[in-house]
Asks: 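Pasting a structure here, questions to come.
The residues of the chain are indexed from 1 along the displayed sequence. Scope of the values below: all heavy atoms of this structure, side chains included, with no hydrogens, waters or symmetry mates.
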Amino acid sequence: MTAHTISTKPIDGQKAGTSGLRKQTRVFMTPHFLENYVQSILNGIGGAKGKAFVVGGDGRYFNDQAIQVILRMAAANGASEVIVGQNGILSTPAASNLIRIRKTDGGFILSASHNPGGIDADFGLKYNMSNGGPATETVTQAIFEQTTSLTEYQILDAQDVDLSTLGETMLGDMKVTVIDPVADYAKMMGELFDFEAIRALFLSGFRMAFDAMHAVTGPYATTILEGVLGAPKGTVLNGIPSPDFGGGHPDPNPIWAHELMGIMTGHDAPDFGAASDGDGDRNMIVGRGAYVTPSDSLAVIAAHAHLAPGYRNGLSGVARSMPTSGAVDRVAKAKGIPCYETPTGWKFFGTLLDAGKANLCGEESAGTGSDHIREKDGLWAVLMWLNIIATSGHSVAALMDSHWRTYGRNYYSRHDYEAVDSAAAHGLMDHLRAQLASLRGHHVAGLTVTEADEFAYRDPVDDSYTEAQGIRVMFTGGARVVFRLSGTGTQGATIRVYLERVETDPNLLGLKPEDALSDVIAAAQELAQITTRTGRDAPDVIT
Ligand code: G16
């Protein structure tokens, strides 16, 4: 086996977005594209010599080939060991856990998350650090700088490593350890949650449908729900991961998880429904006929987390991304614990979790998690809900009803305009930005603006400063609209419009969100001139 140094030159567009580098698969497959980015990561973290890494992905198209390249490059760059999930499979939360428990220097996670997979779909790669969390802004910037000046990369000339057999092999001087992707993760879940209570719940006839969406969570959910917890066979739907996610869009929301929504709103619906995404870090929670928004799920978990053994001592604090609704804020206030508001992206929670300032985090984009790892965790959220249901004895609908009666309801919706012409999307944001200074006191669609700004964040732990994280307009009575451009799309620009209104009148807690939010929706349209500027008269996705 020989290590080769290959000459290369910088490739445009290797700038990470909200969560690592996401591109169309064919872009990742162009000569040197993957290699350049992997070498930039290795250089950006100060080299690989003597370091140990975790590598795994969600099994999407090109996962297997990309892993072999990463292994050969890690070996040529002097890494001492790489731990890989069997057949290259690791969910994002499982990878985060492995980095932490095996005390490696970091890890490579291959996924484009909820984006579709296949040669004509999307691929992605992100680097996580030794705390198990996504690279911080500083490291992300260092990696990007490498991509703009790279002249060579190192790669071993070797056969593919057999990743189907558990155990250790050598690749040059580097040890490759192939492990069971599920075992350590399942053990950790057993330590955090009351598995006895959940087992008893299933034994009593409680029925659940879990949609793995043909993605990576299938084996994890099957082992834990049907194996360890005794849920009936067939509880897990679409549980075999496939490279193109069965041709679907593995995004757990009512639009893309419509099969599950059909089951949960149909005749003889099960008691509980849940889904997770391509790489297993997002989740959707739905009761019989009762969809729970991710923001509400975070608030309910904050209110009841003490029912789970891992959180028996209560929460030290909570954190949410800025566009996430303020539902959790009121729970934190009632409990007398701090609530942090961060920019979108799980990477911003890492310092808070490491410092013990918060041990529960969540985002409107279907992400919830805690300090057990440094990623959001889909199955964790599902097990937390099962634990809450099992120990409280209440259904999802009853839990939501009593939550809203106690804390009020944050009606919430997100409208996405996808693959919009990039110049038009930036023009829309510039148009909003230009109005900010003069909006206060203005009446828009019957609402009065109380404040308008562009969100910026100073990290209370490492003092790093991040600007331009979304434009927010607040109205009297606690209503709000936020405008952001997504950092995870791969075509044109995606405009996200986040709409929210607080209702505390007990007689008005059961409205349809789109009705409750009609004035905020009209205000968003008027402020941003969405239709005129994008040519779209309706959002592509409403969640
Ligand atoms: C990623 C990030 C999340 C973020 C989401 C949406 O999730 O990890 O923190 O909320 O993207 O980001 P954006 O609004 O910029 O598209 P995932 O599940 O895609 O890795």
Side-chain angles (χ1 to χ4, degrees), residues 254-255 291 293-296 299 320-330 333 341 344 364 400 403-405 407-418 420 424-455 469-486 494-543:
I255 307 292
Y291 167 70
T293 68
S295 297
D296 273 348
R320 64 164 171 86
S321 64
M322 181 274 284
T324 303
S325 96
V328 73
D329 301 36
R330 284 198 298 284
K333 194 167 175 217
E341 187 178 35
T344 294
E364 52 67 38
M400 289 319 305
H403 189 89
W404 292 332
R405 284 179 192 285
Y407 299 99
R409 178 172 181 182
N410 286 61
Y411 283 105
Y412 190 85
S413 185
R414 188 178 94 186
H415 291 189
D416 291 341
Y417 297 82
E418 295 179 340
V420 173
H426 283 97
L428 180 148
M429 293 301 284
D430 288 342
H431 167 69
L432 285 166
R433 213 168 268 127
Q435 300 174 66
L436 287 177
S438 59
L439 272 182
R440 188 182 290 188
H442 268 231
H443 303 292
V444 194
L447 296 169
T448 308
V449 177
T450 54
E451 246 179 286
D453 66 6
E454 185 157 26
F455 184 62
Q469 293 299 309
I471 287 175
R472 45 185 191 176
V473 182
M474 276 71 92
F475 305 99
T476 38
R480 177 180 86 153
V481 57
V482 175
F483 302 88
R484 257 188 85 243
L485 297 186
S486 158
T494 293
I495 303 169
R496 301 210 195 282
V497 184
Y498 310 84
L499 308 138
E500 178 177 1
R501 180 169 84 75
V502 184
E503 181 59 72
T504 50
D505 181 342
N507 299 315
L508 296 175
L509 296 175
L511 306 179
K512 284 194 181 135
E514 296 297 306
D515 293 341
L517 292 165
S518 57
D519 47 1
V520 190
I521 294 168
Q525 180 65 253
E526 194 175 320
L527 285 166
Q529 304 174 339
I530 301 172
T531 303
T532 330
R533 288 177 174 274
T534 65
R536 308 282 176 87
D537 33 7
D540 296 285
V541 178
I542 297 180
T543 52

Asks: Applying salt bridge (charged side-chain N to carboxylate O under 4.0 Å, His left out), name anything that partners R414, two or more places apart in sequence or on another chain.
Replies: E364, D416
Asks: Checking T450 now: which residues fulfil side-chain hydrogen bond (donor to acceptor under 3.5 Å, both in side chains) with it, not counting sequence neighbours?
Replies: none
Asks: State the OG1-CG distance between T324 and N410, to the nearest 0.5 angstrom.
Replies: 11.0 Å
Asks: May I ask you to test the R484-P323 pair for a side-chain heavy-atom distance under 4.5 Å?
Replies: yes
Asks: With Y412, which residues qualify under side-chain hydrogen bond (donor to acceptor under 3.5 Å, both in side chains), at least two apart?
Replies: none
Asks: Which atom names give the shortest non-hydrogen contact between G326 and E500, and what distance separates them?
Replies: N-OE2, 2.8 Å
Asks: What is the distance from atom CD1 of I530 to atom CZ of R536, rounded to the nearest 0.5 Å?
Replies: 11.5 Å
Asks: Using the salt bridge (charged side-chain N to carboxylate O under 4.0 Å, His left out) rule, collect all pairs that involve residues 439-448, keeping only residues at least two apart or in two chains.
Replies: none
Asks: Can you give the donor-acceptor pairs under 3.5 Å from side chains of residues 507-521 to other protein atoms, not counting sequence neighbours?
Replies:
unit_1 : atom_1 : unit_2 : atom_2 : d
E514   : OE1    : H415   : NE2    : 3.1
E514   : OE2    : S413   : OG     : 2.7
S518   : OG     : D515   : O      : 3.1

Asks: So which heavy atom on G478 is nearest to which on V502, and how close?
Replies: O-CG2, 3.7 Å
Asks: Would you please name every residue forming a side-chain contact (heavy atoms from CB on, under 4.5 Å) with A445, sequence neighbours left out?
Replies: A522, A523, E526
Asks: Provide the closest heavy-atom pair for A528 versus F483 in the form atom of the first, atom of the second, distance.
Replies: CB-CE2, 3.6 Å
Asks: Quick check: closest heavy atoms across E341 and R480, and the distance to 0.1 Å?
Replies: OE2-NH1, 3.9 Å
Asks: A425: what forms a side-chain contact (heavy atoms from CB on, under 4.5 Å) with it, not counting sequence neighbours?
Replies: V420, L485, A493, I495
Asks: Not counting sequence neighbours, which residues clear side-chain hydrogen bond (donor to acceptor under 3.5 Å, both in side chains) with S325? List them please.
Replies: none
Asks: Could you tell me which residues satisfy salt bridge (charged side-chain N to carboxylate O under 4.0 Å, His left out) with R501, sequence neighbours excluded, listed by chain and number?
Replies: E503
Asks: Report the residues that fulfil side-chain hydrogen bond (donor to acceptor under 3.5 Å, both in side chains) with T532, sequence neighbours left out, ordered by chain and then residue number.
Replies: none
Asks: To the nearest 0.5 Å, how far apart are OH in Y498 and CZ in R472?
Replies: 13.0 Å
Asks: Donor-acceptor pairs under 3.5 angstrom involving side-chain atoms of residues 426-434: please list them, not counting sequence neighbours.
Replies:
unit_1 : atom_1 : unit_2 : atom_2 : d
H426   : ND1    : S422   : O      : 3.0
D430   : OD1    : R433   : NH1    : 2.8
H431   : ND1    : R533   : NH2    : 3.4
H431   : NE2    : Q435   : NE2    : 3.1
H431   : NE2    : L527   : O      : 3.3
R433   : NE     : E454   : OE1    : 2.9
R433   : NE     : E454   : OE2    : 3.1
R433   : NH2    : E454   : OE2    : 2.9

Asks: Check the side chains of T531 and Q525 for a donor-acceptor pair under 3.5 angstrom, ignoring hydrogens and angles.
Replies: yes
Asks: For S486 and R496, work out which heavy atoms get closest and say how close.
Replies: OG-NH2, 3.3 Å
Asks: Picking from D453, V481, L447, what satisfies side-chain contact (heavy atoms from CB on, under 4.5 Å) with V473?
Replies: V481
Asks: Going by the rule ring pair (Phe, Tyr, Trp, His ring centres under 6.0 Å), which residues pair with Y407 if we only count those two or more places apart in sequence or in a different chain?
Replies: H403
